[in-house]
Structure formats: C-alpha cells, structure tokens
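Single-structure report; data block below.
Hydrogens, waters and symmetry mates are skipped; everything else that's a heavy atom, side chains included, is used.
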Amino acid sequence: MKKTLAGLGAFALLATTACAEGEDGADVDEDVNDAAEAADTDDDGATSDDAAAEDAETDEDCAVLEHAMGLRWQQQSAEAKALQAQTYRLAEQRLEELVDEADGEDLALITDLDETAVDNSELLARDMAQCHDYTDWETWDHWEREGTARVIPGALEFFERADELGVTIVYLSDRTEENLDDTLAMLEELEFPQVEEDQVLLLGPPKQERRESVEAEYELIMQLGDTLHDFHEGYAGADLEEQHDLIEEHADRWGDDWFVLPNPTYGSWQEAELDEWDAEMEFGTYDEEGNH
C-alpha cells in the first residue's frame with residue numbers, strides 16, 4: 001500500500017498550517033493525524049479518483065497557503081506579542097501627554113477592532129487549513145456571530161487607562177451592523193470599557209464619514225488601527241505607491257496621535273510582487289554549531 005500524491009498533499013497542508021497547542025495556540029493535532037491516516041490510501045482504492053481530482057485543483061484551491069508564515073507569526077510568535085504590547089504602552093504614554101495638552105474636555109480616541117484590539121487568527125487558521133481563501137470574507141459573518149476573538153496584548157490596559165483619563169472610546173470597525181449585538185457582547189465579554197451602542201460604529205457609512213461624526217462631537221486626539229485606511233480616507237483605494245507617498249506626507253502623525261498595530265495576515269499589500277536579489281544562489285557549509 002502506497003501513499004497517493006493527493007493524500008500526501010492533504011497531510012502536508014494540515015501539517016504546514018497547524019499551530020502547536022500552547023497558551024494561546026489552537027490545538028489542531030487531531031486534524032493532522034486525520035490527514036495522515038487519509039494519506040494512506042490504496043492506489044486502486046475507491047478514493048483514488050476523488051483524491052486525484054482534488055489534487056489537480058490543489059494549486060488554485062490552496063493558494064491561501066502563501067499566508068501561512070504571516071498567520072503563524074501573528075498567532076504564535078512571541079515577537080508579535082512583544083510588538084503589540086510595546087505599541088500599546090507607547091500609545092498610553094502619548095495619550096497621557098495629549099490629555100494634558102488638550103484645551104477642551106470632550107476628548108475622544110478612535111480604535112479599529114479586528115487585529116487592532118482583538119485577534120481573529122483562529123478563524124483565518126481554520127479557513128486556511130481547509131484551503132479556503134479567508135480574504136474573500138465569506139466566513140466572517142459566522143465568526144462575528146459565534147467566534148471567540150482574543151484580546152490583543154496590551155489593549156485592555158490601554159483602553160482602561162483611557163477610560164480613567166476621561167477619554168471617550170469609539171470602536172470603529174467594518175464588522176457588519178447586522179451583527180452589532182454580537183459585537184457588543186464580544187467586547188463586553190472581553191471586558192473592554194465604554195461598550196455602548198452609540199460608541200461602536202460598524203459598517204454602513206464609509207469609515208471617513210464615521211470618523212467625521214466623531215470629530216463633530218469630540219476633540220479627536222488619537223487613532224489606532226492595523227491598516228492605513230483606519231486613519232485617513234486617502235489610503236482607501238490608493239495603490240501601494242500612493243500609500244507609500246502618503247506615509248511620507250503623514251510622517252509626523254505616526255507614533256504621535258496615530259498608532260499602527262502589526263497585521264501580516266491580510267491587507268492591500270498581499271498581491272504585491274517581491275523584489276529579488278539578482279544573484280545566483282551559493283551554498284556554504286556549516287558545522288553543527290552553525291560555524292562556517
């Protein structure tokens with residue numbers, strides 16, 4: 001009995017995308033084991049034709065695997081947690097300064113939710129393990145209603161401090177308005193402060209209109225997000241070259257009143273071509289201790 005190529009492909013997919021069980025990781029060992037068992041199929045078995053058909057579509061159906069390293073970094077790396085906590089700590093220090101410098105009393109900050117305040121990587125990992133391109137957002141509605149998002153490290157401490165300082169927190173997200181009750185329940189369960197219906201502005205009007213509605217009522221002193229259009233309407237629909245130009249125009253805002261959280265799992269950059277070093281590959285030899 002031999003392993004078919006399709007069976008091996010299924011096993012390799014789940015083995016590649018599986019994350020080790022840990023304090024923050026999802027346990028997918030059973031899926032990997034199931035895939036390994038499924039890989040042991042007889043060449044003449046009843047599943048051979050189906051497996052071959054599936055294998056013929058593997059390249060297209062599992063293109064989402066190109067996101068595996070970024071998703072693994074976001075969910076499992078200690079560096080991601082450190083960078084997230086660092087961003088929120090610096091934002092808190094700057095928020096205290098901005099509050100002291102402000103003229104008025106009606107101060108507000110705007111924060112995005114997904115991959116800024118809460119982590120949705122378990123949804124992305126599940127979709128990728130099933131060769132579904134999560135960037136088409138077809139599975140997002142179910143996640144908004146029943147998913148178990150996790151708090152981004154440092155987020156709760158930051159928003160609790162903002163609450164203590166008397167700053168109004170506006171949660172501005174492109175989650176759907178139809179799932180408002182579920183989003184409110186999620187934020188309350190995670191113990192975010194100031195979770196009120198009029199302070200959670202979901203998809204309906206464009207983000208810029210929702211920002212302007214906040215600015216009409218408050219002095220907006222800070223924004224947080226994971227994608228550039230969380231901060232300014234100019235980034236919405238802009239190509240990468242235009243985005244880089246806008247970054248330079250807004251250079252004085254980053255780390256002052258605009259704070260970006262890392263998100264290597266999806267974004268307007270995901271189809272960009274990579275610059276490659278134009279040199280032939282050469283391989284060195286190293287001993288067991290890594291010495292050349």
Side-chain angles (χ1 to χ4, degrees), residues 63-95 97-98 108-121 124 128 133-137 140 152-155 158 170-175 201 203 205-212 214-215 220-279:
V64 71
L65 278 176
E66 68 182 1
H67 302 311
M69 182 174 290
L71 180 52
R72 184 173 285 107
W73 185 89
Q74 181 81 350
Q75 185 186 87
Q76 296 294 327
S77 75
E79 289 84 355
K81 290 183 180 179
L83 184 54
Q84 290 160 341
Q86 170 182 283
T87 301
Y88 272 114
R89 176 173 293 182
L90 294 174
E92 181 178 328
Q93 293 172 357
R94 182 58 182 145
L95 182 65
E97 295 172 350
L98 291 172
L109 67 82
I110 290 176
T111 181
D112 177 53
L113 286 179
D114 300 308
E115 278 56 67
T116 298
V118 297
D119 177 280
N120 305 286
S121 60
L124 312 185
M128 189 173 64
D133 185 355
Y134 54 72
T135 63
D136 66 16
W137 315 119
W140 198 266
I152 294 286
F158 170 80
V170 178
Y171 301 98
L172 196 156
S173 168
D174 279 345
R175 288 183 171 227
L201 307 183
L203 184 60
K207 280 194 171 183
Q208 182 61 26
E209 289 186 24
R210 285 174 277 165
R211 272 193 293 268
E212 290 173 354
V214 176
E215 292 177 302
L220 181 60
I221 61 173
M222 184 173 287
Q223 296 187 78
L224 301 101
D226 69 298
T227 186
L228 297 177
H229 72 265
D230 289 333
F231 301 91
H232 189 279
E233 64 179 334
Y235 293 100
D239 62 30
L240 285 178
E241 183 176 355
E242 293 169 333
Q243 290 181 34
H244 283 285
D245 290 340
L246 286 169
I247 287 292
E248 295 300 323
E249 289 183 24
H250 297 140
D252 60 336
R253 308 295 297 272
W254 309 112
D256 182 63
D257 62 328
W258 291 359
F259 287 84
V260 185
L261 277 295
N263 178 11
T265 63
Y266 58 82
S268 59
W269 43 264
Q270 63 195 43
E271 301 297 332
E273 295 184 3
L274 296 174
D275 297 328
E276 300 179 10
W277 183 28
D278 185 18

**Request:** I would like to know whether Arg210 and Leu203 meet side-chain contact (heavy atoms from CB on, under 4.5 Å); could you show each step before the answer?
**Result:** CA-CA 9 Å; Arg210 285 174 277 165; Leu203 184 60; 4.1 Å; yes

Parallel, tilted or perpendicular: which fits the ring planes of [X] and [Y], with parallel below 30° and perpendicular above 60°?
X      : Y      : answer
Trp140 : Trp137 : perpendicular
His232 : His250 : tilted
Tyr88  : Phe158 : tilted
Trp258 : Phe231 : tilted

Is the shortest heavy-atom distance from the side chain of [X] to the side chain of [Y] under 4.5 Å?
X      : Y      : answer
Glu209 : Leu201 : no
Leu98  : Leu109 : no
Ile221 : Leu95  : yes
Gln75  : Thr265 : no
Ile247 : Leu228 : yes

Going from [atom1] on [X] to [atom2] on [Y], what distance comes out if it is rounded to the nearest 0.5 angstrom?
X      : Y      : atom1 : atom2 : result
Asp226 : Thr116 : CG    : OG1   : 4.0 Å
Leu220 : Asp257 : CG    : CG    : 7.5 Å
Asp114 : Arg175 : CG    : CZ    : 4.0 Å
Glu79  : Gln84  : CD    : CD    : 11.5 Å

Using modelled atom types only, decide if a donor and an acceptor are shared between the side chain of [X] and the backbone of [Y] within a distance under 3.5 Å.
X      : Y      : value
Gln93  : Leu90  : no
Arg211 : Asp230 : yes
Tyr266 : Tyr134 : no

State, without any angle test, whether Gln86 and Arg89 hold a side-chain donor-acceptor pair at a distance under 3.5 Å.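 The criterion, which ignores hydrogens and geometry beyond distance, is not satisfied for Arg89 and Gln86.
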
task = For Glu115 and Asn120, test the side chains for any donor-to-acceptor distance below 3.5 angstrom and give the result as yes or no.
result =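 Yes.
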
Apply side-chain contact (heavy atoms from CB on, under 4.5 Å) to residues Asp112 and Thr227 and explain how you reach the verdict.
CA-CA 9 Å; Asp112 177 53; Thr227 186; 5.7 Å; no

Check: With sequence neighbours left out, which residue pairs that include part of residues 236-245 fulfil the side chain to side chain donor-acceptor pair (under 3.5 Å) condition?
Finding: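 Every side chain to side chain donor-acceptor pair (under 3.5 Å) pair that includes a residue of residues 236-245, provided the two are not neighbours, is Gln243-Ser268.
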
Check your understanding: Which residues pass the ring pair (Phe, Tyr, Trp, His ring centres under 6.0 Å) test with Trp269, sequence neighbours left out?
Key ->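 Per chain and number, Trp269 pairs via ring pair (Phe, Tyr, Trp, His ring centres under 6.0 Å) with no residue.
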
Worksheet item: Which residues satisfy the ring pair (Phe, Tyr, Trp, His ring centres under 6.0 Å) test with His229, sequence neighbours excluded?
Response: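 For His229, no residue satisfies ring pair (Phe, Tyr, Trp, His ring centres under 6.0 Å) once neighbours in sequence are set aside.
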
Mind listing the closest non-hydrogen atom pair of [X] and [Y] along with its distance?
X      : Y      : result
Pro264 : Gly70  : CG-O, 3.3 Å
Ile152 : Asp119 : CD1-CB, 3.8 Å
Gly234 : Ala238 : O-CB, 3.5 Å
Ala155 : Ala117 : CB-O, 3.9 Å

> So, are Asp256 and Arg94 salt-bridged, with charged N and O less than 4.0 Å apart?
Replying inline: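 Salt bridge: yes.
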
side-chain contact (heavy atoms from CB on, under 4.5 Å) between Leu124 and His67, intermediate numbers included:
CA-CA 10 Å; Leu124 312 185; His67 302 311; over 6 Å; no

